[in-house]
Amino acid sequence: MLAQVTTWLIPLIIVGIPLWGWIRGVDVYEAFTRGAAEAFPLALRILPFMVAIFVALGIFRGGGAMDWMIRSIDPVLRTVGLPGPVVPLVLVRPLSGTASLGLLADLLRSAGPDSLAGRLGSVVQGSTDTTFYVLTLYFGSVGIRRTRYAAPVGLLGDAAGFVAAIVIVHLWFGAS
Amino acid sequence: MLNWVWMLLMMSGFLAAAAGGHVASVTQVVMTSGQEAVETALGLVGIMALWMGLTRIAEEAGLVDAMARALMPLVRGLFPSVPEGHPALRFMMLNLAANVIGAGGAATPMGLKAMEALQTLNPDPKVASPAMCTFLALNTTCITLVPTTVVALRALSGSRAPAEIVVPTILATAFSTVVAIGTDATIRRRHGS
């Protein structure tokens, strides 16, 4: 049943939104194209970060450092269900959305999107936000200096999200 | 911080290559990685354009406002220190609604306005107020219902079911939000405010 939900969700959203908008009197075609026009600038904004991350990871993997890291920590991480290749993503996720997106793109490419690592990475990327960036931007904009317990609470939320992602991915997709 | 991560990845990769005697592979890898990065970023354009177009229709149909109204009881309960009818409440609701729907462009300006409005209620303008901390706990853990970029990247790398991670992602997000809000409420109660 749950698999059905996921299968139907996207197609229903894609036809449902324009239909609903049309009923509400929105100029749907015009609104759609105006929104779609923002995609290319967005991709261009991501591009430099992708290059930076892909090149750094390329050296890290090509030189054999990734294999070494995975060999030394993977047995430990396996026991908690966290595949080694996901580790860089988990560490960078709270720091930068674009950098972690680059790491995810690389992970999906190297481990495969339908592998345990690929699925877990996808859920991690989608389920938490760039805590440090949000805190810096929001507090900075109004001149707050002392942020008190906001950062620990945000990071605790991230940690809870990671743990939940591991547990949920294992339960949802079964042991693999 | 990212300086460190980036330098660490490159330096340790280079040192490992040098120690393993295959420095030549570094040059080759660097060339193909750059190419792949560009292909990935540009490959996202199609799906992102579709999604951003749909989001725009939803915004113009009033989805953000409808969502904001639905979130009203939640927001009122979480911010007892903000008086009823204060503009901060409205901005916070609009920010959260835009976040949930994935109208990223609308979320940040609303969030910054919410912070400004909360600042007017803050007795010490240099120190974060409890309401600000709660708002950011919500903001940093609650995220979009459909993680579009992730789904697009999965499709791009040949997934059999790119969207299969949507429901697990929502469940994981919900858990992190509950933990962050719960922790925030506990701290607030202990400080007696």
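Below, chain A is the first sequence line, B the second, and so on; all start at residue 1.
- Here the OG1-CG distance, from B:Thr149 to A:Leu42, works out to 7.0 Å after rounding to the nearest 0.5 Å.
- Counting heavy-atom pairs closer than 4.5 Å to chain A, the top residue among B:Leu50, B:Val30, B:Leu54 is B:Leu54.
- The part of B:Ser129 that comes within reach of chain A is its backbone (N, CA, C, O), which places non-hydrogen atoms under 4.5 angstrom from that chain.
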side-chain contact (heavy atoms from CB on, under 4.5 Å) between B:Val127 and A:Arg148: does it pass, once the steps are laid out?
CA-CA 7 Å; B:Val127 181; A:Arg148 299 172 72 192; 3.5 Å; yes
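- A:Thr33 OG1 to B:Met52 CE: the interatomic distance, rounded to the nearest 0.5 Å, is 13.0 Å.
- In the hydrophobic cluster analysis, where Ile, Leu, Val, Met, Phe, Trp and Tyr join through side-chain heavy atoms closer than 4.5 angstrom, B:Val82 is grouped together with B:Met115.
- In the displayed structure, A:Glu30 atom CD is contacted under 6.0 Å by more than 12 heavy atoms of other residues, nucleotides or ligands.
- Listed options B:Leu112, B:Ile47, B:Leu44, B:Val26 were ranked by heavy-atom pairs under 4.5 angstrom with chain A; first place goes to B:Leu112.
- Contact count versus chain A (heavy atoms, under 4.5 Å) is highest, among B:Leu15, B:Thr134, B:Leu136, for B:Leu136.
- Tracing side-chain contacts under 4.5 Å through hydrophobic residues (I, L, V, M, F, W, Y), one never reaches A:Val15 starting from B:Leu63; they form parts of separate clusters.
- Counting heavy-atom pairs under 4.5 Å between each of A:Gly25, A:Gly58, A:Ala150, A:Gly112 and chain B puts A:Gly58 at the top.
- Using a 4.5 Å cut-off between heavy atoms, B:Ala58 touches chain A through backbone and side chain atoms alike.
- The nearest pair of heavy atoms linking B:Glu164 to A:Arg119 is OE2-NE, 2.8 Å.
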Stepwise, does the side-chain contact (heavy atoms from CB on, under 4.5 Å) test hold for B:Val150 with A:Leu104?
CA-CA 8 Å; B:Val150 175; A:Leu104 176 67; 4.0 Å; yes
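- Between A:Ser127 and B:Ser176, the shortest heavy-atom contact is O-OG, 4.2 Å.
- With chain B as partner, the option from A:Ile46, A:Val169, A:Val167, A:Thr131 having the largest number of non-hydrogen pairs under 4.5 angstrom is A:Thr131.
- Within a 6.0 Å radius of CH2 in A:Trp20, more than 12 heavy atoms belonging to other residues, nucleotides or ligands are found.
- Atom-to-atom distance recorded for B:Ser33:OG and A:Leu57:CG is 8.5 Å, nearest 0.5 angstrom.
- Under the 4.0 Å criterion applied to side-chain N and carboxylate O atoms, B:Glu60 and A:Arg34 are assigned as salt-bridge partners.
- A donor-acceptor pair is defined here as one N or O able to donate and one able to accept, closer than 3.5 Å; no such pair exists between the side chain of A:Arg145 and the backbone of B:Lys126.
- In this structure, chain B has no heavy atom under 4.5 Å from any part of A:Leu91.
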Please walk me through it: do B:Ile165 and A:Phe173 pass side-chain contact (heavy atoms from CB on, under 4.5 Å)?
CA-CA 10 Å; B:Ile165 50 86; A:Phe173 297 109; 4.3 Å; yes
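- For B:Leu171, the parts lying near chain A are the backbone and the side chain together; criterion is any non-hydrogen pair under 4.5 Å.
- Between chain B and the residues A:Ala65, A:Gly157, A:Ala36, the most heavy-atom pairs under 4.5 angstrom are made by A:Ala36.
- Here the closest non-hydrogen pair linking B:Val29 and A:Ile59 is CG1-N, 3.7 Å.
- Put simply, the side chain of A:Ile144 reaches to within 4.5 Å of the side chain of B:Gln119, judged on heavy atoms.
- Under the 3.5 Å distance criterion, the side-chain polar atoms of A:Arg24 are matched with a main-chain donor or acceptor of B:Ala61.
- Looking at every heavy atom in both residues, B:Ala172 comes nearest to A:Val123 through CB-CG1, 4.1 Å.
- Side chains of A:Asp129 and B:Thr140: no donor on one and acceptor on the other come within 3.5 Å.
- Listed in order of number, the residues of residues 86-94 of chain B that approach chain A to under 4.5 Å between heavy atoms amount to none.
- In this structure, the portions of A:Ile14 lying under 4.5 Å from any heavy atom of chain B include both its backbone and its side chain.
- Residue contact with chain B, scored on non-hydrogen atoms closer than 4.5 Å, involves the backbone and the side chain of A:Val142 alike.
- Judged by distance alone, with hydrogens and angles left aside, the side-chain atoms of A:Asp114 form a donor-acceptor pair with the main-chain N or O of B:Arg160 at under 3.5 Å.
- Taken together through direct or relayed side-chain contacts under 4.5 Å among Ile, Leu, Val, Met, Phe, Trp and Tyr, B:Val179 and A:Tyr149 form parts of separate hydrophobic clusters.
- When heavy atoms are compared at a cutoff of 4.5 Å, B:Ser12 approaches chain A by way of both its backbone and its side chain.
- Annotation: side chain of B:Ile57 is not in contact with side chain of A:Tyr29 (no heavy-atom distance under 4.5 Å).
- Heavy atoms of A:Leu137 lying under 4.5 Å from chain B belong to its backbone as well as its side chain.
- Neither the backbone nor the side chain of B:Leu118 comes within contact range of chain A; no heavy atoms are under 4.5 Å apart.
- Between B:Cys133 and A:Thr147, the shortest heavy-atom distance links the atoms SG-O, 4.1 Å.
- Ranked by heavy-atom pairs under 4.5 Å with chain B, the list A:Ala99, A:Ala151, A:Pro18, A:Gly154 is led by A:Pro18.
- For chain A, the option among B:Ser25, B:Ser157, B:Pro147 with the highest count of heavy-atom pairs below 4.5 Å is B:Ser157.
- Enclosure of atom CZ in A:Phe49 is not indicated, since only 12 or fewer non-hydrogen atoms of other residues, nucleotides or ligands lie within 6.0 angstrom.
- Contact check for A:Phe60 versus B:Phe14: no side-chain heavy atoms found under the 4.5 Å cut-off.
- Interface summary for chain A: among B:Leu156, B:Leu153, B:Leu8, the most heavy-atom pairs under 4.5 angstrom belong to B:Leu153.
- The nearest pair of heavy atoms linking B:Phe175 to A:Ala160 is CD2-O, 3.4 Å.
- Ranked by heavy-atom pairs shorter than 4.5 Å toward chain B, the options A:Ala159, A:Ala52, A:Gly64, A:Gly143 are led by A:Ala52.
- In this structure, the separation between CD on B:Glu39 and CG on A:Leu47 is 11.0 Å, given to the nearest 0.5 Å.
- Note that the OG1 atom of B:Thr40 and the CD1 atom of A:Ile53 stand 12.5 Å from one another [nearest 0.5 Å].
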I would like to know whether A:Val153 and B:Ile187 meet side-chain contact (heavy atoms from CB on, under 4.5 Å); could you show each step before the answer?
CA-CA 9 Å; A:Val153 168; B:Ile187 294 173; 3.8 Å; yes
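- Residue A:Val124 is grouped with residue B:Val167 when hydrophobic side chains (ILVMFWY) are merged at heavy-atom distances under 4.5 angstrom, including chains of intermediate members.
- With a 4.5 angstrom heavy-atom cutoff, A:Ile168 touches chain B only via side-chain atoms.
- Put simply, of A:Ser122, A:Gly121, A:Gly62, A:Ala43, the one with the most heavy-atom pairs under 4.5 Å next to chain B is A:Ser122.
- Under a hydrophobic clustering in which Ile, Leu, Val, Met, Phe, Trp and Tyr are joined whenever their side-chain heavy atoms come within less than 4.5 Å, directly or via other members, B:Leu74 and B:Met132 fall into the same cluster.
- Expressed to the nearest 0.5 Å, how far CD1 of A:Ile13 lies from CH2 of B:Trp51 amounts to 4.5 Å.
- Chosen from B:Glu36, B:Glu116, B:Met48, B:Met10, the residue pairing most often with chain A at heavy-atom distances under 4.5 Å is B:Glu36.
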